[in-house]
Amino acid sequence: MDMKETNQTSVAIAIDIGGTKISGGVITESGELLANFVEKTPEDVDTLIEVVSTIIANLITSITEQTIIRGIGLAVAGTVEWEQGVVVQSPNLPYDNLALKSIVEKAFDLPTYLDNDGNLAVLGEKYFGNARDSRNVVGLTLGTGIGAGIIIDNKLYRGATGSAAELGHMVINSSGPSCTCGSFGCFEELASGRALVRYAKQKLSGNMNPGNIPGYAANDVPDSKSSLLLDLVDGVINKIDGIMITKAALAGDKLAISCFEDVGYWLGVGLTNIINIFNPEVIVVGGGMADAGELVLNRAREVVASHSLSPNKEVVSIVKAKLSNNAGLFGAAALVFNK
Ligand SMILES: [Zn+2]
């Protein structure tokens with residue numbers, strides 16, 4: 001195939017390995033998803049490599065002759081040695097130190113790249129999403145925890161050992177709840193989906209300021225007995241999850257809304273640190289929490305407006321991610337085109 005031939009489309013093969021599913025896609029340079037295959041994530045490593053290989057083979061078969069495949073991008077959660085393409089440790093995968101990049105590269109003879117989902121989410125937004133044309137970008141994924149990625153001067157910032165951007169473990173209230181990392185009051189213990197659920201349970205049990213937010217207007221939160229949330233779980237507070245709180249908040253339930261606002265408050269505190277340190281043009285917020293709408297982001301923007309430094313706070317836009325549902329896939333494609 002002549003690489004210089006005109007009107008050829010350039011594509012990347014993108015693979016996102018998650019805890020429950022492995023998704024694969026063909027993505028064009030302009031961000032079009034041409035083909036998409038999804039399989040369940042298997043439990044053993046041999047089957048996983050087989051499933052990934054089958055998806056890639058099927059994607060390659062789906063590509064027309066006039067198309068140039070620029071490479072394969074792999075997105076995984078956890079700690080990676082991105083230059084060697086080794087998955088050191090992943091919460092989604094039950095094994096350590098898997099040299100996934102070289103396995104795939106050998107099998108398909110295409111340039112292959114691998115990185116973690118936090119880095120790739122922000123890279124995807126820079127190439128295909130809501131952070132295009134910005135040189136300095138921070139991406140946050142508000143899920144059960146908080147994932148993050150940092151772009152400085154158009155380049156991913158990885159730090160000395162590739163483990164930078166652990167913004168979820170920034171301590172923002174040292175007398176706050178204990179974190180899985182061993183510290184206290186980490187950003188992700190106060191502004192994640194896990195925090196949202198904890199706030200709701202504590203409020204329904206009578207603690208009207210479970211996040212210990214300074215100057216909290218406890219009077220604004222209605223009596224917990226009238227909350228729609230109690231109906232949704234037949235009075236069993238422990239059954240409450242993030243989806244129910246979202247549902248109740250969208251239906252106008254004041255207690256559920258106040259839980260999102262609490263998350264928004266701590267998100268604003270974390271964003272203030274990020275804005276003061278990095279002075280980004282854009283902060284892109286994705287993940288399940290951002291999908292709940294502007295409730296969280298509006299409260300966070302208020303905190304940023306009153307807490308962060310000028311001119312940092314005037315130049316920054318805090319926006320919802322565009323690619324939330326396919327962040328890993330588009331990020332993996334961006335990694336290929338970025339080379
Ligand atoms: Zn932590």
Side-chain angles (χ1 to χ4, degrees), residues 140-147 167-273 285-307 318 320:
L140 293 178
T141 306
L142 307 183
T144 314
I146 295 182
L167 299 178
H169 296 285
M170 181 167 58
V171 176
I172 54 175
N173 178 7
S174 63
S175 55
S178 63
C179 179
T180 51
C181 74
S183 186
F184 291 88
C186 290
F187 192 24
E188 75 168 26
E189 285 305 324
L190 296 166
S192 64
R194 203 154 60 222
L196 178 77
V197 173
R198 196 174 61 238
Y199 296 153
K201 287 178 177 173
Q202 289 177 318
K203 281 187 182 182
L204 289 171
S205 308
N207 177 357
M208 284 299 137
N209 183 9
N212 293 320
I213 294 170
Y216 197 77
N219 294 339
D220 295 345
V221 181
D223 183 16
S224 58
K225 290 182 194 74
S226 62
S227 174
L228 174 63
L229 275 172
L230 284 175
D231 298 339
L232 290 174
V233 292
D234 291 326
V236 186
I237 291 172
N238 264 338
K239 280 203 218 157
I240 285 170
D241 62 24
I243 294 166
M244 291 173 190
I245 304 168
T246 306
K247 210 168 151 184
L250 292 175
D253 185 73
K254 290 214 170 72
L255 189 136
I257 290 171
S258 75
C259 295
F260 276 106
E261 285 174 343
D262 293 354
V263 165
Y265 172 83
W266 288 113
L267 178 65
V269 175
L271 289 177
T272 295
N273 291 330
V285 184
M289 189 81 71
D291 293 342
E294 294 293 310
L295 256 179
V296 172
L297 289 187
N298 280 342
R299 181 76 184 101
R301 287 187 189 108
E302 283 171 19
V303 175
V304 164
S306 61
H307 289 43
I318 301 164
K320 262 175 76 169

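Owing to the predicted nature of the structure, the values given are computational and were not obtained by experimental measurement.
Residues satisfying the side-chain contact (heavy atoms from CB on, under 4.5 Å) criterion with L230, sequence neighbours excluded, are L204, I237. For the side-chain contact (heavy atoms from CB on, under 4.5 Å) test, residues two or more places apart in sequence or in another chain that qualify with D241 are I243, M244. Residues meeting the salt bridge (Lys or Arg N to Asp or Glu O under 4.0 Å) test with R198, sequence neighbours left out: E189.
Remark: side-chain polar atoms of D253 are paired, donor with acceptor, to backbone N or O of L228 under 3.5 angstrom. E188 places no side-chain N or O within donor-acceptor distance of the main-chain N or O of G168, the cut-off being under 3.5 Å. Between the side chain of Y199 and the main chain of L190, a donor-acceptor pair closer than 3.5 Å is present. R301 contributes a side-chain N or O that, together with a main-chain N or O of I318, makes up a donor-acceptor pair within less than 3.5 Å.
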| said: Between L297 and L267, is the side-chain contact (heavy atoms from CB on, under 4.5 Å) condition met? List the steps. | reply: CA-CA 8 Å; L297 289 187; L267 178 65; 4.0 Å; yes
| said: Under the criterion side-chain contact (heavy atoms from CB on, under 4.5 Å), I'd like the reasoning laid out for M289 against F260: C-alpha separation, chi angles, the key distance, then a yes or no. | reply: CA-CA 9 Å; M289 189 81 71; F260 276 106; 3.8 Å; yes
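The shortest distance between side-chain heavy atoms of V303 and L271 does not fall below 4.5 Å. Using a 4.5 Å cut-off on side-chain heavy atoms (C-beta onward), K320 and V285 make no contact. L142 places none of its side-chain heavy atoms less than 4.5 Å from the side chain of S192.
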What pairs of donor and acceptor atoms, side-chain ones from residues 170-187 against any protein atom, are under 3.5 angstrom apart with sequence neighbours left out?
{"unit_1": "N173", "atom_1": "OD1", "unit_2": "S175", "atom_2": "N", "d": "3.3"}
{"unit_1": "N173", "atom_1": "OD1", "unit_2": "S175", "atom_2": "OG", "d": "3.0"}

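Considering NZ of K254 and CD of E261, their distance stands at 11.0 Å, rounded to 0.5 Å. Distance CG/L167 to CD1/I146: 9.0 Å, rounded to 0.5 Å. In this structure, OG on S227 lies 8.0 Å from CG on L232, to the nearest 0.5 angstrom. The structure places CD1 of I257 at 14.0 Å from CZ of R299, a figure rounded to the nearest 0.5 Å.
With respect to K203 and D262, a salt bridge is recorded, a charged nitrogen being found less than 4.0 Å from a carboxylate O.
Considering every non-hydrogen atom in both V304 and T272, the closest pair reads CA-OG1, 3.8 Å. Shown here for T141 and G287, the closest heavy-atom pair between the two residues is CG2-CA, 3.9 Å. Here the closest heavy-atom approach between residue I245 and residue A200 is recorded as CD1-CB, 3.6 Å.
Within the structure, salt bridge (charged side-chain N to carboxylate O under 4.0 Å, His left out) contacts touching residues 226-238 (residues at least two apart or in different chains) do not occur. Every pair tested for salt bridge (charged side-chain N to carboxylate O under 4.0 Å, His left out) that includes a residue from residues 170-184 fails, sequence neighbours excluded, so the list is empty.
Atom NZ of K247 has 12 or fewer neighbouring heavy atoms from other residues, nucleotides or ligands inside a 6.0 Å radius.
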